[in-house]
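Order of the sequence lines fixes the chain letters, A, B, ..., with proteins taken first and strands second; residue numbering starts at 1 for each chain. Computed from a predicted structure; not experimentally measured.
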Amino acid sequence: MKDAVAGLFEQALDQLISQGIIDAADRKPVQIENTRDPAHGDLATNVAMMHAKAAKMAPRTLAELVLEQLPQSDSVQSTEIAGPGFINIRLAKGAAFEPVIRCLTEHHQFGFHQATNERVQVEFVSANPTGPLHVGHGRGAAYGATLVNLLKARGHQVEAEYYVNDAGRQMNILAVSVFIRYLEHTGESVVFPSAGYQGDYISELGATLFQHAGNSLQVSYDALLAGVPNDSEETKDTHIDGLIQNTKESLGDDWLKPFDLALTAILDDIKDDLSEFGADFDEWFSEKSLVTSGEIDQAIATLEERGHLYEQGGAIWFRSTDFGDDKDRVVRRDNGETTYFASDIAYIANKFSRGFDRIIYVWGADHHGYIVRIKAAAQALGFDPERLTIRLVQFAILYKDGERLQMSTRSGSFVTLRELRDDVGRDACRYFYVMRKADQHLDFDLSLATSQSKDNPVYYIQYAHARICRVFEGLEGQPFDEQRGLDHLTSLVTQEELDLATAIGRFPEVVSKAAASLEAHVICYYLQDLAADFHRWYNGTRLLVDDMDVRDARLALAKAVQTVIRNGLDLLGVSSPRSM
RNA sequence: GCGCCUGUAGCUCAACCGGAUAGAGCAACGGCCUUCUAAGCCGUAGGUUGCAGGUUCGAUUCCUGCCAGGCGUGCCA
């Protein structure tokens, strides 16, 4: 509807330009807005104000000329000039309920847009597979999954990807942690390194390894400590690195046994966790594959060819300062190992090589320092950094009964995502995680999320859906005739009914805007408003009246509301219960 | 120190690429259930949009400075 009206004003602008009143070079696109105040009509545009300066005319004077050139249309009932030069538009009565017809026609597709050829990749969560996901990862999972749904709704071809950090030092620490727990089962007396992973799951994996391998991997712990610094606050990192080195040498190929056991078990757990959370991935991309395929060396070679590398102090540096970074970054250390950043560079190159038109990263906010360098890398490799979008997700702070919950990953006493889901349920989790702008701190009130009260926005919205379902179950002998309902939409006359129809009509543009700006939270606000509009109407108007024409018109409106709520909640990964 | 983000009602947050009188929920106060789910609805009260300038017909929105808070700033991953 907005687009149609905008088209009329574009035609008017064409006329004014051909008349020489406005110079073609000064033309700006017509903006049509929803009015906030019903007294201003249904839609409004600021074209006159936007072009007043170029036309050397007072905005209201120009507005009159615009209206003189405005083509006739069945959908526009009246126009008026108001305020500093707004043109307010009142839509024809029949047009008001057009969204209801469209919604009931399109059903599950209502709010969704035509398919495009644009291929988008969204990479999210990508937590190191060194332990179960915790509540901090949950928000990235919920946000990323919703983003995928939104972009699909907007017609894009979307692929969800998880980058598995299965190479690098953290994985070695994980493997050696499991191996030391294993040694305990073989009767070795060990002192667990303070930089190792502490959680119970590490002990369980050690036990599992013992079940599989028995004593076949047993080595003397004293031998592993040979030449390794003491485990003190200052040397704990070199301590565990020494342990890793000695363990690798002592085990040889068997090193992969604790390594793969831990990786597989933890990654499987993460996959199950995310699947139960409704976050589905098309691709689990292995960092290790970048090493074995030679893509890391290839990426470094490409940067070398393009003249973006130099050597200093035995290390190879990427001159990222050429692309706005505040310092250059090491890609290959003096010991010959490539850095984590080198993997990132190869990964970017890999993503672009797969032909995505747009690549979106969802990162925890603690990674914001990496944005510049990753964009620098993309540019240095010759890719358009505009095709690369990085969205940050701030941490969620959990509260319970007004108390802030502390979590510490070090001690292993963190709250896992699974625990959170068990506690508050998937629906509340998904909703609460995305109800605020992603790049802002989120206060996650567990008490509220678990409460079955009107204060809980999830229940508030779901309740509206359930109420509608129950109405349809109460029809008894006289089934709903949708066509009769649509034929008598004119019997919907109250302000509440007009508001609902307007709200339904806004859904497609809300979805489109949410997808375009990558802001999932607007869906939450929209659904809360829609549910409020519905509850208000429902409270004051009986739907099941004797007059079948009126009844079915109201049921048609109710069904449209139900459809929009379900489509909206689907986008969020929240269920739409039929009864509560 | 430098960089990024954030300051809106007592609290948690909105405000549609700059629009008309800045909106919701919670908390406070007062009402509505013999009728489709009261897990609901209606009403009242609550504001110098951190401060000071600037750009504009118009600024919560854009720019500059200051104040306050958060995060980041390794040949770590």
Using both distances under 3.5 Å as the test, list the Watson-Crick or G-U wobble partner of [N], or none.
N	value
B:U64	B:A52
B:G72	B:C2
B:C57	B:G19

By the 4.0 Å heavy-atom rule, please label [X] as base, sugar-phosphate, or nothing.
X	result
A:S517	nothing
A:A516	nothing
A:T541	base
A:A52	nothing
A:N172	nothing

> Is the centre of the A:H367 ring less than 6.0 Å from the centre of the A:Y361 ring?
Replying inline: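 Aromatic pair excluded; centres sit 6.0 Å or further apart.
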
>> Determine whether the aromatic ring centres of residues A:F480 and A:F472 are separated by less than 6.0 angstrom.
In response: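 When the ring centroids of A:F472 and A:F480 are compared, they turn out to be within the sub-6.0 Å range.
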
Report, one pair per line, the protein and nucleotides 15-19 of chain B atoms (nitrogen or oxygen only) whose separation is under 3.5 Å.
residue : atom : partner : partner atom : Å
B:A15   : O2'  : A:R36   : NH2          : 2.7
B:C16   : N4   : A:N34   : O            : 3.3
B:G19   : N7   : A:N46   : ND2          : 3.1

Suppose you measure atom [atom1] in [N] against the same atom in [M]; what distance do you get, rounded to whole Å?
N	M	atom1	answer
B:A24	B:C16	C1'	16 Å
B:U48	B:G7	C1'	15 Å
B:C5	B:U64	P	11 Å
B:G50	B:C11	P	13 Å

Do [X] and [Y] have a side chain donor and acceptor closer than 3.5 Å?
X	Y	value
A:N165	A:Q170	no
A:D427	A:Y459	no
A:D499	A:Q495	yes
A:T235	A:T238	no
A:S343	A:E287	yes
A:Y526	A:E509	no
A:T389	A:R358	yes
A:R467	A:H535	yes

>> Can you identify which nucleotide, out of B:U6, B:C41, B:A20, has its nearest atom closest to the A:H535 side chain?
In response: B:C41

>> If you assign each of A:M435 and A:R542 to its closest nucleotide in RNA chain B, which residue comes earlier from the 5' end?
In response: A:M435

> Between A:S579 and A:D439, which has a closest nucleotide on RNA chain B that is more 5'?
Replying inline: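 With A:S579 and A:D439 compared, the 5'-side residue is A:D439.
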
> What pair of heavy atoms forms the shortest contact from A:A531 to A:I461, and how long is it?
Replying inline: CB-CA, 4.0 Å

> Could A:R373 and A:Y370 be counted as a cation-pi pair, given that NZ or CZ must be under 6.0 Å from the ring centre and within 45° of the axis?
Replying inline: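 Pair A:R373/A:Y370 counts as cation-pi.
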
> Has A:Y460 got a side-chain N or O lying under 4.0 Å from the OP1 or OP2 atom of B:C41?
Replying inline: yes

> According to a strict under-4.0 Å criterion, is A:R467 in side-chain N/O contact with OP1 or OP2 of B:A38?
Replying inline: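 Yes.
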
> Is the base of B:C32 syn or anti, if syn means a glycosidic angle within 90° of 0?
Replying inline: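 This nucleotide is in anti.
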
> Aromatic rings A:Y433 and A:F444: how do their planes relate, parallel, tilted or perpendicular, breaks at 30° and 60°?
Replying inline: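 Correct class here is perpendicular.
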
Just the atom pairs and distances: protein N or O near nucleotides 42-46 of chain B's N or O, under 3.5 Å.
residue : atom : partner : partner atom : Å
B:C42   : OP1  : A:R536  : NE           : 2.3

> For every nucleotide of nucleotides 71-77 of chain B, 5' to 3': is a protein heavy atom under 4.0 Å from its base (B), only from its sugar-phosphate (S), or from neither (-)?
Replying inline: BS-SBBB

